[in-house]
Each structure stands twice: as C-alpha cells, then as structure tokens.
Amino acid sequence: RVYREELAAELWQHAVAPEDTIAEIYFRNRVKGWDGFHTDQIRFHPEAFYTKDLKLPCIVCQVTGPDGTPVGVWRIYLNEDGTNYRDETGKKVKKGLGPCMELGGAIRLHPVTDGTIGACEGVDSGYGAWNLAAREFPIWPMLATSGMVNFQRPFGVSRVVGFPDGDRDFDAKNKTFREPPGFKAWRSLEERMRAEHVATGTFPTMANGTDPLEVWNDFYEKHGVLAA
C-alpha cells in the first residue's frame, strides 16, 4: 500500500495545471456551459504510465482522506484529442492509484464552507451536480459506488446531499431492471450518515440510465443562458 501511495504522490507531483491542455478539452466537451476548473484538485499528465509498453495523457485528480491528507489519485486516461481512452472491450479507462476508496477518500473539488457537501461518483458528474446545485455548496466525487459506500466523513461536514447515478442494472435471468447501483450506494451512505446524526438530502435523479452530468447537460440544452 505504501508503494502505491508513493507512486500516486509522484504522479501528482509531476502533473501540471490542467488549463490549456487536452484535459480542458475533455471537460469542455463533456460539461455544457463549461467555464473553468474552479479547483486545484485536478491536474494533467501528458505521459502517465498505463502499461509497461504504453504511456497515455491522463487527467489526475487528488483523492483526500477523512483526516485531510492525500491518500491517492484518480486517473482518467485520454486520447490525444481529449476523448476518453478505451480498453479492448470499449470501456473508458478510469483508475485509482493508492487506497483511495479503502480509506474513505474523495476528490474535494471545493472546500467545505458551511458544513454541507454534495456526494456523487464521477468527476464529470461532480461538475454537473455543482451546476444543478447552483454552485451553492461543494461537490465531492467519491469515484465509484464502492467509494460512496466507504466514504468517511471528515470533521466539519454536517450535511451530505446525494447526487446518485441512475445507471440501469439489467437482470438477464428475470429480464428486468434492478435498482440502480448508484441508488443503493447512496442509500447505504445516507443511512450511515443519519446514524451519525448528519443531515442528508437527495437530488431526484431518475432511474433511467442518467447521471447528474447528463441531467445538467439536458437542462442547459433546454434553458441555455438561464441555466448558466
């Protein structure tokens, strides 16, 4: 584990500010109404390790543990044109480095101001959630459903608002859709927060395969300047 944390710290140290890189192209193409990163928790590395024979451009996000210290990084691998790099199965390649989820970490896109944070899975969804919340409180992406389940609340957080993904989960045996994994993960975190006497709220994501980013992009497409 120590070795992975050291590698994560080294990758973060050698990454650069994301402005004017293909990381900015990625987010501009993904997030409608994009107007900048507004965070120092995202960097860019032009040649990050992927395999022993391949290095790729990579968005590098710092993951912070409940005590405020870095526990690893989250990597989003890119093609040279700023689109997602995909593996041989066609899946977008996004990986943690270090015990990010095991230690209950999150990408703290913005610091806590009044005790409220928004909880979501992906970084892209984090920007969608931030816009849907009218940027009134910080959003902390927790990387994946397991990251949301394992998240550890730091001192000073007194309210958590969930922005769960509504990705569908098809049950081939019964030929029906199960409850979205994102809904289950958020419910697990919500129940734990309530047991700790932490206030909670939930953004009403639909169980139709959408996530907070898609909800925001759809809203922006319909309302444009008003949405911004």
Side-chain angles (χ1 to χ4, degrees), residues 27 30-42 61-74 96 100-167 180-207 210-220 223 226-228:
F27 281 105
R30 290 280 291 152
V31 184
K32 298 293 184 183
W34 173 262
D35 64 352
F37 288 92
H38 301 281
T39 184
D40 61 0
Q41 299 299 292
I42 297 177
C61 307
Q62 183 155 264
V63 181
T64 302
D67 64 354
T69 59
V71 294
V73 295
W74 182 251
C100 303
M101 291 180 270
E102 298 96 313
L103 296 182
I107 301 168
R108 301 185 184 187
L109 287 179
H110 316 99
V112 177
T113 53
D114 66 353
T116 298
I117 64 167
C120 68
E121 291 181 42
V123 183
D124 307 19
S125 289
Y127 279 103
W130 193 44
N131 288 328
L132 290 169
R135 303 186 175 185
E136 291 184 354
F137 51 82
I139 304 296
W140 288 9
M142 297 169 185
L143 315 179
T145 53
S146 56
M148 186 172 283
V149 170
N150 292 331
F151 173 71
Q152 297 297 316
R153 176 183 62 91
F155 178 80
V157 172
S158 56
R159 179 171 175 254
V160 181
V161 179
F163 291 81
D165 283 9
D167 296 336
F183 284 22
K184 291 190 287 186
W186 164 242
R187 189 170 64 249
S188 174
L189 175 58
E190 182 180 36
E191 290 173 354
R192 187 156 50 83
M193 291 298 97
R194 288 179 175 177
E196 296 176 12
H197 306 290
V198 173
T200 63
T202 306
F203 181 82
T205 309
M206 300 294 290
T210 59
D211 61 30
L213 176 62
E214 291 167 317
V215 174
W216 162 252
N217 284 345
D218 182 62
F219 183 73
Y220 187 89
H223 301 286
L226 177 62

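We use all heavy atoms of the structure for the numbers below, so side chains are in, but hydrogens, waters and symmetry mates are not.
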Tell me, which pairs form a salt bridge (charged side-chain N to carboxylate O under 4.0 Å, His left out) where one or both residues lie in residues 103-113, sequence neighbours left out? none

Going by the salt bridge (charged side-chain N to carboxylate O under 4.0 Å, His left out) test, which pairs reach into residues 115-143, not counting sequence neighbours? R30-D124, D35-R135

[Y] side chain reached by [X] side chain, heavy atoms, under 4.5 Å:
{"X": "S146", "Y": "F151", "result": "no"}
{"X": "V112", "Y": "F155", "result": "no"}
{"X": "R192", "Y": "Q152", "result": "yes"}
{"X": "T200", "Y": "V161", "result": "no"}
{"X": "I42", "Y": "L109", "result": "yes"}
{"X": "D165", "Y": "W186", "result": "no"}

Between [atom1] on residue [X] and [atom2] on residue [Y], distance to nearest 0.5 Å:
{"X": "D211", "Y": "S125", "atom1": "CG", "atom2": "OG", "answer": "3.5 Å"}
{"X": "M193", "Y": "S188", "atom1": "CE", "atom2": "OG", "answer": "9.5 Å"}
{"X": "T64", "Y": "Q41", "atom1": "OG1", "atom2": "CD", "answer": "5.0 Å"}
{"X": "L189", "Y": "K184", "atom1": "CG", "atom2": "NZ", "answer": "15.5 Å"}
{"X": "F183", "Y": "T202", "atom1": "CZ", "atom2": "OG1", "answer": "9.5 Å"}

If you compare all heavy atoms of [X] against all heavy atoms of [Y], which two are closest, and at what distance to 0.1 Å?
{"X": "P138", "Y": "P111", "answer": "CG-O, 3.4 Å"}
{"X": "P66", "Y": "G104", "answer": "CD-O, 4.2 Å"}
{"X": "P141", "Y": "G122", "answer": "CB-O, 3.6 Å"}

Can you name the side-chain contact (heavy atoms from CB on, under 4.5 Å) partners of V63, sequence neighbours left out? V71, W74, C100, I107, L143

For R194, check salt bridge (charged side-chain N to carboxylate O under 4.0 Å, His left out) against everything at least two apart and list the hits. E190

Once salt bridge (charged side-chain N to carboxylate O under 4.0 Å, His left out) is applied, do any residues pair with E196, and if so which ones, sequence neighbours excluded? R153

Go through the structure and list residues passing ring pair (Phe, Tyr, Trp, His ring centres under 6.0 Å) with Y127, not counting sequence neighbours. F27, W34

According to ring pair (Phe, Tyr, Trp, His ring centres under 6.0 Å), who are the partners of W130, at least two apart in sequence or on a separate chain? H38, H110

For residues 113-120, please give each side-chain donor-acceptor pair under 3.5 Å, one per line with the distance, not counting sequence neighbours.
| from | atom 1 | to | atom 2 | distance (Å) |
| --- | --- | --- | --- | --- |
| D114 | OD1 | T116 | N | 3.2 |

Kindly write out the residues that satisfy side-chain hydrogen bond (donor to acceptor under 3.5 Å, both in side chains) with D67, not counting sequence neighbours, or none if the list is empty. T69

Taking the side chain from W216 and the backbone from A129, do they hold a donor-acceptor pair closer than 3.5 Å? no

